[in-house]
Amino acid sequence: VANRVRHWRAFAKEAWRQIARDDCLLWIGGGDTALALGRRLRERSYVLHALELYDTLPVYRYLLRTYMRRAKLVVVPEMSRAAIFRVWYELPDSPVVLPNKPFHHPHNREMRVEDDTARIALSAIRPEERIVLYQGLIHPERDIRAVAEAVHLSGSGWRFVVMGTVYHDYLNALKPICPDLIWVPHVTAPQHLHVTS
């Protein structure tokens, strides 16, 4: 928590130094950014683009309420999240949905994975296995141990694949729970969708 607060303060100081030159509409790229910018943000016109749900962080939800309600527009990546945010934050209008994926992606199945490290890691999957795929930060705050355990208990016909950057050695907390887990390091978007396919 202390590291996060220090990071937010440093970010806010530099951000406000840059923003002070302009009186334009701000596009805020997440709840963390809004909270880091602090009360000064409420004096500005801004769009709040919330990519995360923050459902496991009651403090965030409490702190974000004012920022959500004062935003000129709230933008989220999916319809269900728009409905949830409208109820949680008592917004007068549903947030706008801007899907978090490229429109030009071909949406084909089993696309060739260009990233060599990812392709090698995925080669351990047997054709008959069903895959449970997690793509995102591999971090204790995103506790996926229950998923790892459920996949392991499902037996040899299932494989848990986690893809993303590992923080705080969290991968080593998952491996004892699900020894057959496959880790794919971060793949830059939109190439990560080839892994998904």
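The analysis underlying the following values was restricted to heavy atoms, covering all of them including side chains, and did not include hydrogens, waters or symmetry mates.
With a 4.5 Å cut-off on side-chain heavy atoms, Leu41 and Leu26 count as touching. The closest side-chain heavy-atom distance from Tyr170 to Glu141 is not below 4.5 Å. With a 4.5 Å cut-off on side-chain heavy atoms, Leu181 and Leu171 count as touching. Put simply, the side chain of Trp158 does not reach to within 4.5 Å of the side chain of Asp180, judged on heavy atoms. Residues Leu174 and Ile138 have side chains in contact (heavy-atom distance under 4.5 Å, counting atoms from C-beta outward).
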Take Ile19 and Arg40 through the test side-chain contact (heavy atoms from CB on, under 4.5 Å) and record every step on the way to the result.
-> CA-CA 11 Å; Ile19 294 168; Arg40 277 179 74 184; over 6 Å; no

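Separating the CD1 atom in Ile84 from the OH atom in Tyr89 is a distance of 10.5 Å, to the nearest 0.5 Å. Within the model, atoms CG of Leu73 and CG of Leu98 stand 10.0 Å from one another, a figure rounded to the nearest 0.5 Å. If you take CG on Leu37 and CD1 on Ile28, they are separated by 5.0 Å, rounding to the nearest 0.5 Å. Interatomic distance, CZ of Arg109 versus OG of Ser197, reported as 8.5 Å (0.5 Å rounding). Taken from NZ in Lys175 to NE2 in His152, the straight-line distance is 14.5 Å, to the nearest 0.5 Å. Rounded to the nearest 0.5 Å, atoms CG (Asp32) and CZ (Arg4) are 5.5 Å apart.
Summarising the geometry of Tyr67 relative to Ala34, their closest heavy-atom pair is CE2-O, 3.8 Å, with the distance given to 0.1 Å. For the pair Leu53 and Trp88, the tightest heavy-atom approach, listed with the atom from each and the gap, is O-CZ3, 3.3 Å. Closest approach of Val97 and Ala82 over heavy atoms only: CG2-CB, 4.0 Å. Ala124 approaches Glu129 most closely through the heavy-atom pair O-OE1, 4.2 Å. Nearest heavy atom pair, residue Leu48 against residue Gly30, reads CD1-O, 3.7 Å. Arg112 and His194 get closest at one heavy-atom pair: O-ND1, 3.0 Å.
Judged by distance alone, the side chain of Arg130 and the main-chain N or O of Gly157 form no donor-acceptor pair under 3.5 Å. In this structure, the side chain of Gln135 engages the main chain of His192 through a donor-acceptor pair within 3.5 Å. Not a single donor-acceptor pair under 3.5 Å links the side chain of Arg69 to the backbone N or O of Leu91. Side chain of Arg81 to main chain of Leu51: a donor-acceptor pair is present (N/O by atom type, distance under 3.5 Å, no hydrogens or angles). Listed for the Asp169 side chain is no donor-acceptor partner under 3.5 Å among the backbone atoms of Asn172. A donor-acceptor pair under 3.5 Å is absent between the side-chain atoms of Arg61 and the main chain of Thr56, judged by distance alone.
Of the listed residues (Glu114, Arg119, Met163, Met111), just one forms a side-chain contact (heavy atoms from CB on, under 4.5 Å) with Val195, and that residue is Met163.
Environment of CZ in Arg9: sparse, with no more than 12 heavy atoms of neighbouring residues, nucleotides or ligands closer than 6.0 Å. Atom CD of Glu128 sits in a crowded spot, with more than 12 heavy atoms from other residues, nucleotides or ligands closer than 6.0 Å. For Arg65, the CZ atom is densely surrounded, since the number of other residues' heavy atoms within 6.0 Å is greater than 12. Within 6.0 Å of atom CZ in Arg126, more than 12 heavy atoms from other residues, nucleotides or ligands are found, so the atom counts as buried in its surroundings.
For Ser154, the side-chain hydrogen bond (donor to acceptor under 3.5 Å, both in side chains) test picks out no residue, with sequence neighbours left out.
By the 30° and 60° cut-offs, the orientation of the rings of His7 relative to Phe11 is parallel.
Val113 and Trp183 are members of different hydrophobic clusters when ILVMFWY side chains are connected at heavy-atom separations under 4.5 Å. In the hydrophobic clustering of this structure, Leu63 groups with Trp8; members are Ile, Leu, Val, Met, Phe, Trp, Tyr whose side-chain heavy atoms approach within less than 4.5 Å, directly or through other members. Put simply, Val162 and Val166 are part of the same group of oily side chains (I, L, V, M, F, W, Y) that touch within less than 4.5 Å, one to the next. In the hydrophobic clustering of this structure, Val132 groups with Ile144; members are Ile, Leu, Val, Met, Phe, Trp, Tyr whose side-chain heavy atoms approach within less than 4.5 Å, directly or through other members. Under the 4.5 Å side-chain contact rule for hydrophobic residues, Leu35 and Val59 share a cluster.
The pair Arg17-Glu14 meets the salt-bridge criterion, since a charged nitrogen lies less than 4.0 angstrom from a carboxylate oxygen.
Legend: ring pair (Phe, Tyr, Trp, His ring centres under 6.0 Å) pairs involving residues 109-147, not counting sequence neighbours, sorted by first then second residue: His139-Tyr167, His139-His168. Sequence neighbours left out, the pairs with a member in residues 30-57 that pass ring pair (Phe, Tyr, Trp, His ring centres under 6.0 Å) are Trp27-His49, Tyr54-Tyr60.
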